[in-house]
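Some notes on the structure that comes next.
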Amino acid sequence: MCGIVGIVSHGAVNQSIYDALTVLQHRGQDAAGIMTCEGSKLWLRKDNGLVRDVFHTRHMLTLRGNMGIGHVRYPTAGCESSAEAQPFYVNSPYGITLAHNGNLTNAEELKQNLFREDLRHLNTDSDSEVLLNVFAHELQRCGKLRINEDDVFDAVSAVHSRCSGAYAAVAMITGFGVVAFRDPYGIRPLVYGRRETAQGVEFMVASESVALNPLGFELVDDVRPGEAVFLGKNGSMAKRQCAEHPVYSPCIFEHVYLARPDSIIDNVSVYKARLRMGEALADKILRERPQHDIDVVIPIPDTSRTAALQLANNLGVKYREGFIKNRYIGRTFIMPGQQERKKSVRQKLNAIDLEFRGKNVMLVDDSIVRGTTSQQIIQMARDAGAKNVYFASAAPPVRFPNVYGIDMPTREELIAHGRDVAQIATAIGADWLVFQDIEDLVDAVRKGNPDIGAFDCSVFTGEYVTGGVTVDYLSHLEQLRSDSAKEERRLADDAVIEMHNNA
């Protein structure tokens, strides 16, 4: 999960890209970067940290030009090196920069092909650099000094034929324009918009529509699965379907947790989808416990609020805010170590005792991943005086790892892996636990856009829409993503830093 943005304007774009990245900050808190183009010259600033910490006045003054791209990152393999902050750059051909959201499932194979056949060198372990070099190589094959839109679209078509997995990407070709493209399944989101100015039309692409609005851009459409949208440096726009057999299969977890509720993704309002999740969950509770004794419904902030409010309304139960959130603590499921996650939950939330004392409380969360946070929050509710603590998840049990760009844990670290609902309830300490049914979740999102044929629900079903996700691949992924592996890499990095400091 990352956030990307690209803007082609008639004036300076540095401030606009910065503002867009702050709106997309929820998609990545590990690193941020901006690359701009002025004539034939590129300007770059990227580093680890939040947007507000990476960019200072001295950096913004050097980011000159009327087109540029930006990125906010969180690492899917736990890498904390600033060398893997994006955008990435390759000088041949033409000077191309790229920012990417997603994960290539055949990255290792592509790395070998790039080295042995395409004669390209990679400087990091990032699959985003792989994607950049594949695109650059395919564009170079046209053999032209001056390229046109058709050459760009042909290169994207070749990318689709070589790359597997999820990728929403924005690439800038120096002195020529910006191209945004999306994998043939449309797994990760990407939208584009336009605004009218006195100088002419300007265009913008971003991971979520919510980044367009504050800058005065009107949402035009989603970049469709397999499609590429080219924004010329002088204000032109063209698009083409570049995949032979696109299949609309966006990641449903975007609507459950990742996206902001005020975004429109694949022509579906995230807010309305979450309302429908709450309705369906209430219906299930009434089926299973028509004589329930729930006194109050309390959301676990922030992403569960919308579903929890509708759930309470449909149950005819009071809705209350029982937890106050410290907004200066990051999302816990993307933190690098289990101990750090445990520590952060108590720092992040504080219970309002009077909303819990002596009551049967239904806590609502968007999902349950590791279960560590859920367990601690349930205990907080008991410590605040709750009589009974029930728990509802707006999503089905998360039983499988994500391979398309979300750093979910290994199977063994997922609390639902190998457990039924009763066992999960015992593990997190809930008196009763209810999960959304997968069919109801799909219906809640698809109702906003019946044209979506299917969704990537792999974290719930273990069925990966792109295919080719083998047991060996999952095992390799687990070796990279496990807490123990991340801790080993962290210690190794610390050792290198200490060695240099002592040299």
Side-chain angles (χ1 to χ4, degrees), residues 1-2 4 6 98-107 109-110 127-128 130-132 134-135 138-139 149-171 178-193 203 205-209 219-231 237-255 258-259 263-268 273 402-406 442 445-459 461 463-469:
M1 181 183 72
C2 297
I4 61 175
L98 180 139
H100 164 224
N101 175 29
N103 182 58
L104 302 182
T105 56
N106 66 336
E109 175 188 346
L110 289 170
D127 64 319
S128 302
V130 172
L131 181 63
L132 167 60
V134 171
F135 175 69
E138 296 302 331
L139 192 57
E149 296 166 1
D150 290 336
D151 298 321
V152 175
F153 291 140
D154 289 344
V156 174
S157 296
V159 168
H160 290 333
S161 68
R162 294 183 63 177
C163 297
S164 297
Y167 48 94
V170 57
V178 169
V179 59
F181 56 94
R182 199 173 175 196
D183 71 73
Y185 295 88
I187 297 173
R188 301 262 72 85
L190 193 60
V191 302
Y192 65 98
F203 290 96
V205 294
S207 293
E208 295 183 34
S209 65
L219 175 65
V220 175
D221 201 356
D222 298 273
V223 177
R224 301 303 177 97
E227 190 175 63
V229 174
F230 176 76
L231 310 176
M237 193 277 282
K239 62 180 180 177
R240 180 192 293 179
Q241 177 53 253
C242 298
E244 292 185 2
H245 305 290
V247 180
Y248 223 147
S249 302
C251 174
I252 204 163
F253 210 71
E254 290 280 351
H255 291 275
L258 301 179
S263 280
I264 308 292
I265 294 178
D266 294 308
N267 204 29
V268 178
N402 183 279
V403 303
Y404 298 128
I406 308 173
V442 170
V445 182
R446 180 182 282 143
K447 189 173 182 179
N449 184 1
D451 292 338
I452 300 176
F455 289 92
D456 171 55
C457 301
S458 53
V459 296
T461 66
E463 298 172 4
Y464 298 95
V465 295
T466 60
V469 179

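None of these values were measured; they are calculated from a predicted model. Just so you know, residue 1 is the first one in the sequence shown, and it goes up from there. Note: hydrogens, waters and symmetry copies are ignored here, and every other heavy atom, side chains too, is used.
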Let me see the working for E138 and R162 under salt bridge (Lys or Arg N to Asp or Glu O under 4.0 Å), right down to the final yes or no. CA-CA 10 Å; E138 296 302 331; R162 294 183 63 177; 2.8 Å; yes
Worked verdict on I4 versus H100 for side chain to side chain contact (heavy atoms under 4.5 Å, CB included): CA-CA 7 Å; I4 61 175; H100 164 224; 5.8 Å; no
Indicate yes or no for a side-chain donor-acceptor contact from S207 to the backbone of L190 under 3.5 Å, with no hydrogens or angles considered. no
Begin from the C-alpha positions of C457 and V442 and carry the test side chain to side chain contact (heavy atoms under 4.5 Å, CB included) through to its verdict. CA-CA 9 Å; C457 301; V442 170; 4.0 Å; yes
Without swapping roles, check the side chain of T461 against the backbone of E463 for a donor-acceptor pair under 3.5 Å. yes
Would you compute the distance between atom CD1 of I406 and atom CG of N103 and round it to the nearest 0.5 angstrom? 10.5 Å
Nearest non-hydrogen partners of V268 and A273, listed with the distance: CG1-CB, 4.2 Å
For a quick test of reading the model, state the closest non-hydrogen atom pair linking P189 to A168 and the distance between them. O-CB, 3.7 Å
Scanning both residues in full, the closest heavy-atom pair of P184 with H160 reads CD-ND1, 3.8 Å
What are the two closest heavy atoms between L231 and F203, and how far apart are they? CD2-CB, 3.6 Å
Taking side chain as C-beta onward, heavy atoms only, is R240 less than 4.5 Å from F230? no
Minimum heavy-atom distance V223-A180, with the two atoms named: CG1-O, 4.3 Å
Flag the pair D456 / Y185 as yes when at least one side-chain heavy-atom distance between them is below 4.5 Å, and no otherwise. no
Table please: side-chain donor-acceptor pairs of residues 446-454 below 3.5 Å, with sequence neighbours left out.
residue : atom : partner : partner atom : Å
R446    : NE   : I452    : O            : 3.1
R446    : NH2  : G453    : O            : 2.9
N449    : OD1  : D451    : N            : 3.1
N449    : ND2  : D266    : O            : 2.9

Is C163 close to L110 at the side-chain level, that is, under 4.5 Å between some pair of heavy atoms? yes
First locate atom OG of S157, then atom CD of Q241, and finally report the distance between them rounded to the nearest 0.5 Å. 8.5 Å
Is it the case that the side chains of T466 and Y404 hold a donor-acceptor pair, with the cut-off being a distance below 3.5 Å and no angle test? yes
May I ask you to decide if Y167's main-chain N or O and D183's side chain share a donor-acceptor pair within less than 3.5 Å? yes
Rounded distance (nearest 0.5 Å) linking atom CZ of R224 with atom OH of Y248: 4.5 Å
To the closest 0.5 Å, what do you measure between CD1 (I187) and CD (E254)? 11.0 Å
Would you check if the side chain of R182 reaches a backbone N or O of A228 as a donor-acceptor pair within less than 3.5 Å? no
Indicate the atoms forming the closest heavy-atom contact of V205 with V170, along with that distance. CG2-CG2, 3.8 Å
Mark yes or no for whether D127, through its side chain, and A107, through its backbone, hold a donor-acceptor pair below 3.5 Å. no
So do the side chains of L98 and L131 get within less than 4.5 Å of each other, counting heavy atoms only? yes
E208 CD to N101 CG distance, which is reported to the nearest 0.5 Å: 9.5 Å
Side chain to side chain, D221 and V191, heavy atoms closer than 4.5 Å: no
For the aromatic rings, using the six-membered ring if either is Trp, is the centroid distance between F153 and F181 under 6.0 Å? no
To the nearest 0.5 angstrom, please state how far the CZ atom of R188 sits from the SG atom of C251. 4.0 Å
